[in-house]
Amino acid sequence: MRAWGCRALRLCLLSGSLLLGLQLGLRRPGEAPHQAAPGMQSQLPPPLAAKEALSRRRQVTYLRSGRRRRAPTEPTCCPPRKAIRWHIDLQPWASSTPSLNDEALRLLKYISTAQISCHRMNMKELPEIPDSPARPWSVCLDDRFNLVHQIQKKQCRLYSLGLGSDDNEFEISMANSGCEVHRFDPSIQPAHVRKGQRLWYHRLSIDWRDPNPLIASHKLRANTKKLGTILNDFGHHKIDVLKADMESAEWKILENLILEDIVERIGQLIFEIHVHWPGFEVSGNDSTVVRYWYSLLKELELKDFRLFHTYKDLLKPQVFLKREAFNASSCYTLSWVNTRWKWQAGALLN
């Protein structure tokens, strides 16, 4: 009996081993060796249970993300921004070989030829409005360009850029006619002065770049800003007339207005240009400088500005890039009108 009992025990152990081997062999692929039976899940130690749950959660998430469909592309909310321009497009040379003579003759012919006719350029043609002074600051008052209607409705705005000039008769005349006039002059003492109902003076200098923020404001000789920055500061969206007498800084200021699309917010331009030297921060030999000047004016033409008045100052030295040549004056006053301004001005009241 004792031998029989030992044999039975051995048979039981052998059967159990075979059964365990069959279970291990039939285990599903991917199943962890230490995975407990469903009824034994609660008996796993807490760290192992947490690790097991995290492993299963990661696996499920991965499988689901693989089945997820890509959402359709949503339309953007805003139109694409214009590409930032860092320089103007230079026009081809006036001749096959760069030549100062050819460049100068092309420029002088361009600034001496009106591109569009303007029949009314004097304020005396408006009833009860004083005449503009003899200085060559001319605005176009033809009905098709809307300025005369803006003046009559007292919705005209003029910006005047200067450097210490005492000649302000044009600004006073425009203010008396009904325009809101802002004169920017760094030479005045107070920061802002109001003279009359529609005339303001500001101690600000217009530049083609904003000041370096690392330089303390008290170290600057004057408060200098770009025109676009001042428009934003003042909350103004349009300028009916922009007059500039900047003593050779006009070339770089005009370039900044073009590159930043500020000219599109201006109805008429009256610029005094100087050609006796290249101007501030304009580099290159003489023929390159004149080509740059000409390219700037052609950029205005591409923006739908047309020259309607030109004035050659015979009282200034008759010098072109330090040469007494080309029968040129060192100073010209040019007036342009934005031929698209009629519909723009009707939509912009600020």
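Only a predicted model underlies this, so the values are computations on that prediction, with no experimental measurement involved.
Between the side chains of Ser287 and Asn285, at least one donor N or O lies within less than 3.5 Å of an accepting N or O.
For Asp207 (side chain) and Lys225 (main-chain N/O), no donor-acceptor pair under 3.5 Å exists by modelled atom type. Looking only at distances, a side-chain donor or acceptor of Gln318 sits under 3.5 Å from a matching main-chain atom of Lys316. Side chain of Arg323 to main chain of His276: no donor-acceptor pair is present (N/O by atom type, distance under 3.5 Å, no hydrogens or angles). Side-chain atoms of Arg106 do not come within 3.5 Å of backbone N or O of Lys109 as any donor-acceptor pair. The backbone N or O of Glu301 lies less than 3.5 Å from a partner atom in the side chain of Arg306, making a donor-acceptor pair. A side-chain donor-acceptor contact under 3.5 Å links Glu250 to the backbone of Ser248.
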>> Is there a side chain to side chain contact (heavy atoms under 4.5 Å, CB included) between Arg120 and Val148? Walk through the geometry before answering.
In response: CA-CA 10 Å; Arg120 296 197 299 168; Val148 63; 3.9 Å; yes
> Where do Asp185 and Ser187 land on the side chain to side chain donor-acceptor pair (under 3.5 Å) test, with the steps shown first?
Replying inline: CA-CA 6 Å; Asp185 185 348; Ser187 65; 2.7 Å; yes
> Please walk me through it: do Arg340 and Asp304 pass salt bridge (Lys or Arg N to Asp or Glu O under 4.0 Å)?
Replying inline: CA-CA 7 Å; Arg340 291 190 300 166; Asp304 295 302; 3.0 Å; yes
>> For a side chain to side chain contact (heavy atoms under 4.5 Å, CB included) check, start with the C-alpha distance between Thr339 and Trp341, then their side-chain angles and the critical distance, and finish with the verdict.
In response: CA-CA 6 Å; Thr339 57; Trp341 187 248; over 6 Å; no
> Should Leu227 and Leu257 be marked as a side chain to side chain contact (heavy atoms under 4.5 Å, CB included) after you check the CA-CA gap, both sets of side-chain angles, and the distance that decides it?
Replying inline: CA-CA 8 Å; Leu227 185 62; Leu257 299 183; 3.6 Å; yes
> How far apart are the C-alpha atoms of Glu180 and Lys154, what are their side-chain angles, what is the distance that settles it, and do they pass the salt bridge (Lys or Arg N to Asp or Glu O under 4.0 Å) test?
Replying inline: CA-CA 8 Å; Glu180 171 191 327; Lys154 311 297 183 184; over 6 Å; no
>> For Val275 and Leu321: C-alpha separation, side-chain torsions, deciding distance, then whether side chain to side chain contact (heavy atoms under 4.5 Å, CB included) applies.
In response: CA-CA 6 Å; Val275 296; Leu321 288 178; over 6 Å; no
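Using cut-offs of 30° and 60° for the angle between ring planes, the Tyr110 and Tyr294 rings count as perpendicular. Between His202 and His192, the ring planes lie perpendicular to each other; the angle is over 60°, past the 30° to 60° tilted range.
Rounded to the nearest 0.5 angstrom, Leu204 CG and Thr224 OG1 are separated by 9.0 Å. Atom CD of Gln115 is separated from atom CG of Leu300 by 9.5 Å, given to the nearest 0.5 angstrom. How far CE of Met174 is from CD of Glu169: 14.5 Å, rounded to the nearest 0.5 Å. Here the CG atom belonging to Leu141 is positioned 9.5 Å from the CD atom belonging to Gln152, to the nearest 0.5 angstrom. In this structure, the separation between OG1 on Thr229 and CZ on Phe234 is 11.5 Å, given to the nearest 0.5 Å. The distance from atom CD1 of Ile111 to atom OH of Tyr332, rounded to the nearest 0.5 Å, is 5.0 Å.
Within the 4.5 Å cutoff, side-chain heavy atoms of Leu147 are placed close to those of Gln268. Lys252 is listed as a side-chain neighbour of Val282, based on a closest heavy-atom distance under 4.5 Å. With contacts defined as side-chain heavy-atom distances shorter than 4.5 Å, the pair Leu242/Val263 does not qualify.
Ionic pairing of Arg198 and Glu171 is not present here: no N-O contact between side-chain nitrogen and carboxylate oxygen is shorter than 4.0 angstrom. Using a cutoff of 4.0 Å between basic side-chain nitrogens and carboxylate oxygens, Lys243 and Glu272 are not scored as salt-bridged. With respect to Glu264 and Lys303, a salt bridge is recorded, a charged nitrogen being found less than 4.0 Å from a carboxylate O.
Taking each heavy atom of Ile172 and Leu199 in turn, the nearest pair found is CG1-CD2, 4.1 Å. Contact detail for Phe170 and Leu158: the closest heavy-atom pair is CE2-CD1, 3.4 Å.
Under the 4.5 Å side-chain heavy-atom criterion for ILVMFWY residues, a single connected hydrophobic cluster contains both Leu259 and Tyr292.
Under the 6.0 Å distance and 45° angle rule, Lys195 counts as a cation-pi partner of Tyr201. For the pair Lys322 and Trp277, the NZ or CZ position fails the cation-pi test of under 6.0 Å to the six-membered ring centre and within 45 degrees of the ring normal.
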Show me the donor-acceptor pairs within less than 3.5 Å that the side chains of residues 89-97 make with the rest of the protein, sequence neighbours left out.
unit_1	atom_1	unit_2	atom_2	d
Ser95	OG	Thr97	O	2.7
Ser95	OG	Asp102	OD2	2.8

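When the disulfide bond (SG atoms under 2.5 Å apart) test is applied to Cys118, the partners found at least two apart in sequence or on another chain are Cys140.
In this structure, Lys153 places its NZ atom where more than 12 heavy-atom neighbours from other residues, nucleotides or ligands lie under 6.0 Å away.
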